[in-house]
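Side-chain atoms are counted along with the backbone in the values below, which use heavy atoms only and exclude waters and symmetry mates. Everything numeric in this text was worked out from a predicted model, so none of it was measured.
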Amino acid sequence: MTTVKHQGFKVENVAKGKADWYCFTDLCKGCGLCIVKCPKKCLKWSKEVGIYQTPAVEPNPEECIGCGTCALVCPDSAIKVNKK
Amino acid sequence: MIQTLDVNPDLAKAQNAEAGASKFCPGCGHGMILKTLAHTLDDLELQEKAVFGCDIGCSLLSWNYMNVDSVQTHHGRTTPVIYGVTRANPGTIGIAYMGDGGGLAIGSQHLVNAAVRGENMLIVLANNTNYGMTGGQMAPTTMPGQKTETTPYGRDCEVTGKPAKGAEMVASIVDPNKAYVARASVSNLRSLRKTFTKALKNVEKGGFSFVEVLSICPLNWITNNEGTWDRLKTMEEFFDVKEFVQREGLE
Ligand SMILES: Cc1ncc(C[n+]2csc(CCOP(=O)(O)OP(=O)(O)O)c2C)c(N)n1
Ligand code: SF4
Ligand code: SF4
Ligand code: SF4
C-alpha cells in the first residue's frame with residue numbers, strides 16, 4: 001500500500017449525492033481525453049491546474065452520473081469516483 | 001481548492017505507487033496500456049511471478065512504472081532478454097513491452113523467432129504508427145497517406161511499400177495449439193483487460209502470447225483531445241481489432 005499523499009480537489013455529491021469525484025492535480029496532465037469520453041458531456045476544463053500548470057478537469061456535479069468513464073480512460077489515473 | 005487528499009488514486013498493486021506522475025507525455029497511450037496490464041496482473045495474482053521488460057523508444061519511460069521486477073533493454077531485444085529470464089527461471093511470467101518501431105522494424109527478427117519457436121512469454125506491442133521517442137518519423141506501421149516527420153506529404157506506398165501488420169504476421173507463423181495472438185485498442189480498456197487476461201492465462205499454460213495494441217501519440221500526431229480519438233478511429237478502420245489465434249480452453 002502506498003503512503004504517498006496526493007494533491008487534488010474533490011467534487012462532492014455527484015450522481016445525485018451517490019458519489020464523490022476526485023481529481024489528483026499532481027497526476028493530471030491536462031490532456032483532455034476524458035472530456036471527449038464523458039457520456040454526459042459534463043466534464044470541463046477547471047480553474048485548478050494540473051502537474052504541468054495547464055488546466056485540470058472538473059465535472060458539473062448536477063450532470064455527472066458518477067459512471068467512472070473518465071477515471072477508466074485517464075492514462076494517468078488522475079480521476080477517482082468514490083461511490084457512497 | 002487544491003489540498004492534500006485523504007484518498008489514493010486507483011492504482012493496481014502491480015503499479016509503482018511511489019513513482020508519481022508517469023514520464024509519458026499528456027494523453028499518451030502507453031499509460032493506458034500499462035495501467036490496464038497492471039490491473040490484469042492483479043486480477044490473476046501474477047505480480048510476484050512477473051518480470052517486465054521494456055524496450056528502447058517511449059516504452060522505456062516505463063522503467064519504474066510497474067511494481068514488478070523490471071529490466072530495460074535495446075530495440076526489440078526485450079524479447080530475447082525476457083525469454084532468457086523465463087528459460088532460466090521456469091514459471092516466470094515474462095512480459096516484453098515495446099513500440100512498433102522496436103518490435104516490427106529495428107528488432108523484428110527477435111519477434112519472428114520467438115513467435116516461430118513459441119517462447120513462453122507475453123509480447124505487448126504498442127502501435128502508435130510512428131517512432132515516438134525520436135520525434136515522430138515514419139514507422140513500418142504508418143498508414144497510407146499519413147503525414148509524419150519523414151513523410152510530410154503523406155506516406156506514399158509506391159515508394160515505401162505497404163504498412164506492416166504485426167498481429168497478422170505473428171498469427172501466420174505461430175503454433176495455434178500454443179499461442180494467443182490479438183490486436184486490441186486503447187479506445188476500449190475493458191476489452192483490453194479481457195485480452196490481457198487471455199494472453200496471460202496462455203503464458204501460465206506455457207504458451208506464447210502476442211498482443212498488439214493500437215495506441216495514441218498526441219505529441220507527434222500534433223492532435224488535440226478530439227483529434228487524437230478521431231485518429232485512433234481511422235487506425236481501427238485500417239488495422240483489424242480482433243483475436244487472430246486462440247488456443248483451445250482460454251477464457
Ligand atoms: C538500433 C537503433 N536504431 C535507432 C535507434 C534510435 N531510436 C530510439 S527510440 C526510436 C523510435 C522508437 O519508436 P517505437 O519503437 O515505435 O516506440 P515509441 O517511441 O513510438 O513508443 C529510435 C529509432 C536506437 N536506439 N537503436
Ligand atoms: S463520472 Fe461519468 S459522467 Fe461524471 S464526469 Fe466522469 S465520465 Fe462524466
Ligand atoms: S484527468 Fe486524466 S485524462 Fe483527464 S485531462 Fe487529466 S490527465 Fe488527461
Ligand atoms: S512521444 Fe508519443 S509515444 Fe512517446 S511519450 Fe509522448 S505521446 Fe507517448
Side-chain angles (χ1 to χ4, degrees), chain A residues 1-12 14 19-39 41 43-58 66-84, chain B residues 1-13 15-36 38-39 58 61-62 65 67 126 128 185-193 215-219 221 223-233:
Chain A
M1 254 334 267
T2 169
T3 49
V4 183
K5 284 281 179 199
H6 285 270
Q7 299 291 307
F9 59 90
K10 179 178 183 180
V11 178
E12 274 183 328
V14 299
D20 293 328
W21 187 102
Y22 296 86
C23 178
F24 301 96
T25 47
D26 53 4
L27 297 178
C28 175
K29 297 175 182 167
C31 68
L33 291 176
C34 52
I35 292 182
V36 182
K37 286 279 180 167
C38 169
K41 299 283 171 247
L43 202 49
K44 298 272 146 59
W45 297 114
S46 172
K47 285 200 197 86
E48 307 291 356
V49 293
I51 185 164
Y52 295 142
Q53 305 304 308
T54 53
V57 292
E58 193 174 328
C67 65
T69 303
C70 48
L72 178 71
V73 299
C74 175
D76 292 284
S77 308
I79 297 176
K80 185 184 184 96
V81 181
N82 249 1
K83 299 240 157 76
K84 292 197 268 198
Chain B
M1 200 194 50
I2 294 181
Q3 55 193 29
T4 303
L5 294 175
D6 52 7
V7 295
N8 286 317
D10 296 326
L11 302 184
K13 271 198 299 176
Q15 249 172 296
N16 180 3
E18 320 256 295
S22 75
K23 295 174 173 50
F24 304 116
C25 304
C28 176
H30 280 302
M32 295 175 173
I33 300 171
L34 290 169
K35 79 168 191 179
T36 307
H39 281 290
C58 294
L61 300 173
S62 65
Y65 189 98
N67 186 12
N128 56 18
S185 167
V186 296
S187 69
N188 188 340
L189 297 182
R190 281 203 185 89
S191 161
L192 179 62
R193 191 151 163 179
S215 184
I216 54 186
C217 177
L219 184 88
W221 292 358
T223 45
N224 66 4
N225 51 357
E226 284 178 9
T228 303
W229 290 121
D230 285 348
R231 170 79 65 90
L232 185 60
K233 265 195 210 122

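Taking CD1 from Ile2(B) and CD from Glu48(A), the interatomic distance works out to 4.5 Å, rounded to the nearest 0.5 Å. Remark: His6(A) NE2 to Leu5(B) CG distance equals 9.0 Å, nearest 0.5 Å.
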- prompt: Would Leu33(A) and Ile216(B) satisfy side-chain contact (heavy atoms from CB on, under 4.5 Å), going step by step from the backbone distance to the final call?
  reply: CA-CA 11 Å; Leu33(A) 291 176; Ile216(B) 54 186; 3.7 Å; yes

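Taking the ring-ring contact (aromatic ring centres under 6.0 Å, His included) definition, one finds that Phe24(B) meets it with His30(B), sequence neighbours left out. A search for ring-ring contact (aromatic ring centres under 6.0 Å, His included) contacts involving Tyr22(A) returns nothing, not counting sequence neighbours.
Within the 4.5 angstrom heavy-atom criterion, no atom of Cys34(A) approaches chain B. Contacts between Leu189(B) and chain A at a heavy-atom distance below 4.5 Å involve the side chain alone, from C-beta outward. Only the side chain of Asn82(A) comes within contact range of chain B, with heavy atoms under 4.5 Å apart. For a residue to count as touching a neighbouring chain, one of its non-hydrogen atoms must lie under 4.5 Å from one of that chain's; by this rule Val7(B) touches chain A with backbone and side chain alike. Of the two parts of Ile51(A), only the side chain, counted from C-beta on, holds a non-hydrogen atom closer than 4.5 Å to a non-hydrogen atom of chain B. Interface remark: Ser77(A) contributes backbone and side-chain atoms alike to the contact with chain B (heavy atom separation under 4.5 Å).
By the neighbour-count criterion of 12 heavy atoms within 6.0 Å, atom NZ of Lys233(B) is sparsely surrounded, having that number or fewer from other residues, nucleotides or ligands.
With 3.5 Å as the limit, one finds a donor-acceptor pair spanning the side chains of Asp76(A) and Ser22(B).
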